[in-house]
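Only a predicted model underlies this, so the values are computations on that prediction, with no experimental measurement involved.
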Protein chains: 4
Amino acid sequence: MPRAAKKPRKLGRPPATDSAETRRRILAIARETFAVHGYEVTTNRDIANQAGVTPAALYHYFPSKADLYVAVLEDAQSLVSTRFNDAVSGRANFLERFDAVLDAAHVLNGEDPSYARFLGAVRIDARRHPEMRVALDEAQLPTQKFVVELVEEAVAAGDVARSHRSMVLSFLLTTLAGLTDVASDDLRHHRTAIAAAKSALRGSLLADPR
Amino acid sequence: MPRAAKKPRKLGRPPATDSAETRRRILAIARETFAVHGYEVTTNRDIANQAGVTPAALYHYFPSKADLYVAVLEDAQSLVSTRFNDAVSGRANFLERFDAVLDAAHVLNGEDPSYARFLGAVRIDARRHPEMRVALDEAQLPTQKFVVELVEEAVAAGDVARSHRSMVLSFLLTTLAGLTDVASDDLRHHRTAIAAAKSALRGSLLADPR
Amino acid sequence: MPRAAKKPRKLGRPPATDSAETRRRILAIARETFAVHGYEVTTNRDIANQAGVTPAALYHYFPSKADLYVAVLEDAQSLVSTRFNDAVSGRANFLERFDAVLDAAHVLNGEDPSYARFLGAVRIDARRHPEMRVALDEAQLPTQKFVVELVEEAVAAGDVARSHRSMVLSFLLTTLAGLTDVASDDLRHHRTAIAAAKSALRGSLLADPR
Amino acid sequence: MPRAAKKPRKLGRPPATDSAETRRRILAIARETFAVHGYEVTTNRDIANQAGVTPAALYHYFPSKADLYVAVLEDAQSLVSTRFNDAVSGRANFLERFDAVLDAAHVLNGEDPSYARFLGAVRIDARRHPEMRVALDEAQLPTQKFVVELVEEAVAAGDVARSHRSMVLSFLLTTLAGLTDVASDDLRHHRTAIAAAKSALRGSLLADPR
DNA sequence: TATGAATGAGCCTTCATTCAT
DNA sequence: GATGAATGAAGGCTCATTCAT
């Protein structure tokens, strides 16, 4: 891990600091680092160093490492939720909506890959750290619900056969999970995987419809 | 603290707790534990305790924790490879072959879920622990190659449009990844996700073909 | 986090929260907290929170935590000295004087147990924190001297045999120490212990004189 | 705190170590250090350094600092109990028994003052550290009970007036507490305080009976 | 007068690992 | 082949204290 500029700061309050800015910086760096290295491997010192503060300073903003992690998740979830909801709004057709969600995911990945990467990491860390499990599950609920409703409405609209409901839901979740997992390192890869998912849903994965 | 097994044997076979058996036990327990908790969270003591030895004893079988992890992966890979290869052998059609692979995965999951779970965990741990990365990537190559060849042969046989090659490959990898990730805790879930993948490949995910 | 007191005053006296009041409040709360938890366990934040200020604010009133502790002791000593001196004034007989001192201690304990408790704690904290030792010993001198003089005068007055001087002194000090230590939690207990001490001095501890 | 000899020991098991001996050494040093500085101020490093091991080694013998503290108490209690019980055995008269107990305390104080000092410290630390309170109270029970029974039997034997029972008990406890508190630093002081207590019980504190 | 942001030192604890036995 | 005693490094966290505002 590279270390930022080496400014041996003195005691006391640093001149002209914007507390909110520092908090945002910590969250962003924490997201990136947690995303790549996971909860365990990432140390408070890693995050603090990159954010240009001391490990103790983190405790000014978050009560514990676990709370910081949860805060990062909440932050990420709120962004993704907004993006996904904006994406589907105004679109009625299931295929269009699903495309829009995948495209939104891809755009976000282009802007800042750390979101997808982190969200992928959370699923693993939640399993590995029971202490945070409840909080993490709760924070993930919105997206979970979003996908369920997407399918529910598609069934209601007749875009998905009622008998296929749970299969389609399973497909969506598996695909979304697989996407963050396999492809978030490489944008081209990501694009291909998205195209594949769209095609699969349309029934033209193996070949274009004749 | 002394441990179990202290039954004064008289007749029959001499103490069967030979070193090979102990090694196998350690590997199996390590797989299960690494699978659930990951590399970092799992301690040598966790594994040793469950295996009925002291942490120091592990060092008779593996030079380090990292080496143990790699050994578990090699062991798992070799089993999965065999299963997958057996599954496709004798089947020419791509859809049949893919089905067979998924079914094999499901059967294995029923027998011992720790394999799939561990293989899922490896993808994450490899990213998180650069020291082991090379060894892990190498050990994972066989499966990677297996999937690539599956698609390659399907293209050659005309089962997959040449232009869709990379998309199908991407789909397979994403699905395989998503499967270990989302569904390995719950066999029913796993089965549904597999059905969804099969259906997706056949173009009938949203509804049965009329 | 902002705090209490925000009643828009209109008429009458201007904001009475002058600094002297704050200082007194800090001293009182520090005494109570130090008394129960001791020097080490009590944090600046504990005291500040209860006093309705920030930890940094303490430094406007006292140069350091240690200085605050010493200030609390000086404050307590001055009160106890006054009480004890008032108690003995006008009484010539040793037994009467000693009774008066014990009664004064009991009354104070009823009014505000934190004084006795704190004074008891000081004996321990002085041993444990060499940095404060000198200052603490000095501040405790008045009471020490008070007891010595009490005995001295009793010997001079013939109330105590000259040969028993150091024994009586020792008894007084041990009793005073034991009292804060064993009984300051429970007023009834305190009263019994005081009765015992009075009785012991009169030679009727085991039974009433026949 | 002075530090013992500086022997930079290497990794692995040191040659010819007696585990039991190390444990005893740790307990003894912990007792002395806890006695003087208390639970909070004493660090694992303090104890470890003096015992010639690293702080981590303590965890080989005790699960935590708190457990070590409790272990020290149990060890001390068991010794004191034995001494006190031996002291009273064979003596029927209350005054004789009480004298014997005080003498035993004095002898022990001469042999190793850290016992009395530690026992005095426990009363304070138990108040200051609620987490250990239950364990500490329980460990102190034997001595508590010993004193209660001493008085009970004295009442039964007619050595103490029934109406004076609780006062005598209070006196004993206060004195025992005051003794560890005030006088354990200085053997002469200790002796005087003990003489005073004996005299007080006999009713001849102020002067020899005429 | 008081706050809030930040630091540096230090503490308890855990862990992979070593080595004499 | 296995254990138990011990280490060194590191991690999360707390705390007294400082200083710009």
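Nearer to the 5' terminus of DNA chain F, by closest-nucleotide assignment, is the contact made by Thr54(D) (compared with the other of Ala56(A) and Thr54(D)). If Lys65(B) and Ala66(D) are placed on DNA chain E by their nearest nucleotide, the residue sitting closer to the 5' end is Ala66(D). Both Pro55(A) and Ser19(D) sit near DNA chain F, but only Ser19(D) has its closest nucleotide nearer the 5' end. Both Val41(B) and Arg45(C) lie close to DNA chain E; mapped to their nearest nucleotides by heavy-atom distance, the more 5′-ward contact belongs to Arg45(C).
For the pair Glu40(B) CD and dG12(F) C1', the interatomic distance rounds to 14 Å; values are reported in whole Å. Atom-to-atom, OH of Tyr59(C) to C1' of dA20(F) comes out at 17 Å; the value is rounded to the nearest Å. For the pair Glu131(A) CD and dC13(F) P, the computed distance is 10 Å after rounding to whole Å. The distance between atom OH of Tyr69(A) and atom C1' of dG12(F), rounded to the nearest whole Å, is 17 Å. Rounded to a whole Å, the CE atom of Met132(D) is 12 Å from the P atom of dC12(E). Straight-line distance from the NE2 atom of His129(A) to the C1' atom of dG12(F): 13 Å, rounded to whole Å. One interatomic measurement links the two molecules: CD1 of Ile26(D) to P of dA5(F), which rounds to 11 Å at whole-angstrom precision. Whole-Å rounding puts the Glu21(A) CD to dA5(E) P distance at 13 Å.
Checked against dT13(E), dT3(F), dT7(F), the side chain of Asn44(D) finds its nearest nucleotide in dT13(E). Of the candidate nucleotides dA5(F), dC15(F), dA5(E), dC15(F) has the atom nearest to the side chain of Thr43(C). Closest approach to the Thr22(C) side chain among dA2(E), dT14(E), dA2(F) is made by dA2(E) (side chain taken as heavy atoms from C-beta onward). Ranking dA16(F), dA5(E), dT3(E) by closeness to the His60(A) side chain, first place goes to dA5(E).
Using a 4.0 Å cut-off between charged nitrogen and carboxylate oxygen, Asp125(C) and Arg133(C) do not count as a salt-bridge pair. One finds no salt bridge joining Asp75(A) and Arg24(A) here, because no Lys/Arg side-chain nitrogen approaches an Asp/Glu carboxylate oxygen to under 4.0 Å.
One N or O on the side chain of Asp46(C) and one on the backbone of Thr43(C) form a donor-acceptor pair closer than 3.5 Å.
Across all strands, Tyr61(A) comes closer than 4.0 Å only to sugar-phosphate atoms, never to a base (heavy-atom distances).
Two residues are said to be in side-chain contact when any heavy atoms from C-beta on lie closer than 4.5 Å; Leu73(C) and Leu119(C) meet this criterion.
Listed here is the closest heavy atom pair of Ala35(D) and Ala121(D): O-CB, 4.0 Å.
For Ser64(C) and dA16(F), the shortest distance from a side-chain N or O to OP1 or OP2 is not below 4.0 Å.
Of the nucleotides present, dG12(F) is the one that pairs with dC11(E) by Watson-Crick or G-U wobble criteria, both distances under 3.5 Å. A 3.5 Å limit on both hydrogen-bonding distances identifies dA20(F) as the Watson-Crick or G-U partner of dT3(E).
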